[in-house]
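Take a look at the structure set out below.
Hydrogens, waters and symmetry mates are skipped; everything else that's a heavy atom, side chains included, is used.
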Amino acid sequence: LDFFNENKEKILAVRALLADDLSRQIFDNVILYKLSGKIDYLFDAETNRTDSFELIDAKSIKSFADLGAYRGDTLEEMLTLAPQLEYAYAFEPDAKTYKKLLAFCESYSGAAKLYPKNIAAWSDSETLIFNSSSNRNSGAFAPIKNAKAVEIAADSLDNILKGQSIDHIKYDVEGAE
């Protein structure tokens with residue numbers, strides 16, 4: 001409560017930036033959950049996948065980056081919901097999972113150009129130690145039981161894009177945001 005009271009003006013300023021009632025309602029519910037601990041506020045903040053794509057106006061998205069692409073499930077969804085998509089980048093650092101992503105990209109026969117990358121999203125170009133468990137719990141930093149530590153390439157989206165723009169970015173990078 002102290003944090004909220006000390007930062008109330010900033011929090012309200014962020015809320016004022018939201019463009020629609022649904023976004024403001026979700027924002028309010030998350031704040032109320034944080035203040036009260038009542039899980040019902042989070043349940044009230046849930047949005048189904050189709051509504052969330054409408055909220056971001058997926059039909060106008062021409063470029064997409066999926067950082068932490070897993071097998072390409074969100075990429076596949078975006079290809080369906082964003083018919084104007086021209087190109088998409090998909091980063092997946094786990095080698096086994098990347099093979100599934102690559103297979104999906106190679107099987108895709110639509111107009112958009114897909115650029116799968118077997119790298120982790122990071123702030124710079126470097127090598128990271130990665131806990132590879134071939135599932136959604138793979139990631140850098142925290143040790144994971146039964147995971148094999150491997151070195152992986154990492155780079156920033158900006159470095160990969162080399163000046164290209166991206167309309168929408170999905171981050172699922174296990175804390176490396």
Side-chain angles (χ1 to χ4, degrees), residues 19 22-23 26 30 42-43 45-177:
L22 180 57
S23 295
I26 291 169
V30 170
L42 284 185
F43 292 135
E46 286 183 323
T47 305
N48 70 47
R49 300 279 293 176
T50 304
D51 287 347
S52 66
F53 279 100
E54 286 177 18
L55 189 63
I56 62 169
D57 191 20
K59 291 182 172 138
S60 70
I61 295 173
K62 293 183 179 180
S63 56
F64 174 61
D66 189 350
L67 309 183
Y70 193 50
R71 297 175 298 184
D73 46 342
T74 304
L75 176 58
E76 182 176 20
E77 207 168 13
M78 185 62 79
L79 288 164
T80 301
L81 297 170
Q84 302 300 317
L85 195 67
E86 296 172 4
Y87 59 91
Y89 286 83
F91 290 17
E92 177 52 50
D94 184 80
K96 278 187 174 177
T97 307
Y98 174 74
K99 286 179 185 175
K100 294 174 185 175
L101 170 65
L102 187 59
F104 166 74
C105 291
E106 289 172 346
S107 72
Y108 171 72
S109 60
K113 297 206 183 315
L114 305 182
Y115 302 103
K117 303 286 182 186
N118 187 203
I119 61 174
W122 198 243
S123 58
D124 216 344
S125 179
E126 60 184 280
T127 301
L128 301 175
I129 302 299
F130 190 77
N131 297 308
S132 178
S133 60
S134 300
N135 64 35
R136 290 191 180 269
N137 295 321
S138 297
F141 311 120
I144 299 172
K145 187 176 180 179
N146 300 324
K148 183 173 102 176
V150 295
E151 288 188 352
I152 54 132
D155 209 340
S156 71
L157 181 59
D158 288 340
N159 284 345
I160 298 298
L161 293 176
K162 296 182 174 129
Q164 269 186 307
S165 65
I166 291 289
D167 294 333
H168 185 76
I169 303 171
K170 183 219 78 181
Y171 285 94
D172 183 5
V173 292
E174 307 303 331
E177 292 88 351

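Taking 4.5 Å as the limit, every side-chain heavy atom of Tyr98 sits out of range of all side-chain heavy atoms of Ile152. Two residues are said to be in side-chain contact when any heavy atoms from C-beta on lie closer than 4.5 Å; Thr97 and Leu101 fail this criterion.
Within the structure, side-chain hydrogen bond (donor to acceptor under 3.5 Å, both in side chains) pairs that include any residue of residues 102-115 do not occur (at least two apart or interchain).
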Donor-acceptor pairs under 3.5 angstrom involving side-chain atoms of residues 157-164: please list them, not counting sequence neighbours.
{"from": "Asn159", "atom 1": "ND2", "to": "Asp155", "atom 2": "OD1", "distance (Å)": "2.6"}
{"from": "Asn159", "atom 1": "ND2", "to": "Ser156", "atom 2": "OG", "distance (Å)": "3.3"}
{"from": "Gln164", "atom 1": "OE1", "to": "Tyr89", "atom 2": "OH", "distance (Å)": "2.5"}

In a table with atom names and distances, give each donor-acceptor pair under 3.5 Å that connects a side chain of residues 80-87 to protein atoms at least two apart or in another chain.
{"from": "Thr80", "atom 1": "OG1", "to": "Glu76", "atom 2": "O", "distance (Å)": "3.2"}
{"from": "Tyr87", "atom 1": "OH", "to": "Ser165", "atom 2": "O", "distance (Å)": "2.5"}

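Rounded to the nearest 0.5 Å, atoms CD1 (Ile169) and CG (Leu67) are 6.5 Å apart. Here the straight-line distance linking atom CD1 of Ile119 with atom CD of Glu126 works out to 12.0 Å at 0.5 Å rounding. The CG atom of Leu102 sits 10.5 Å away from atom CG of Leu114, with the distance rounded to the nearest 0.5 Å. To the nearest 0.5 Å, atoms CD1 (Ile26) and CG (Leu22) are separated by 4.0 Å. Here the CG-OH distance, from Asp172 to Tyr70, works out to 10.5 Å after rounding to the nearest 0.5 Å.
For Phe64, the ring-ring contact (aromatic ring centres under 6.0 Å, His included) test picks out His168, with sequence neighbours left out. Qualifying side-chain hydrogen bond (donor to acceptor under 3.5 Å, both in side chains) partners for Lys170, counting only residues two or more places apart in sequence or in other chains: Asp66. Annotation: side-chain hydrogen bond (donor to acceptor under 3.5 Å, both in side chains) contacts of Glu77 (sequence neighbours excluded): Arg49.
Looking at every heavy atom in both residues, Leu75 comes nearest to Ala90 through CD2-CB, 4.2 Å.
Here the side chain of Ser60 pairs a donor or acceptor atom with the backbone of Asp57 at under 3.5 angstrom.
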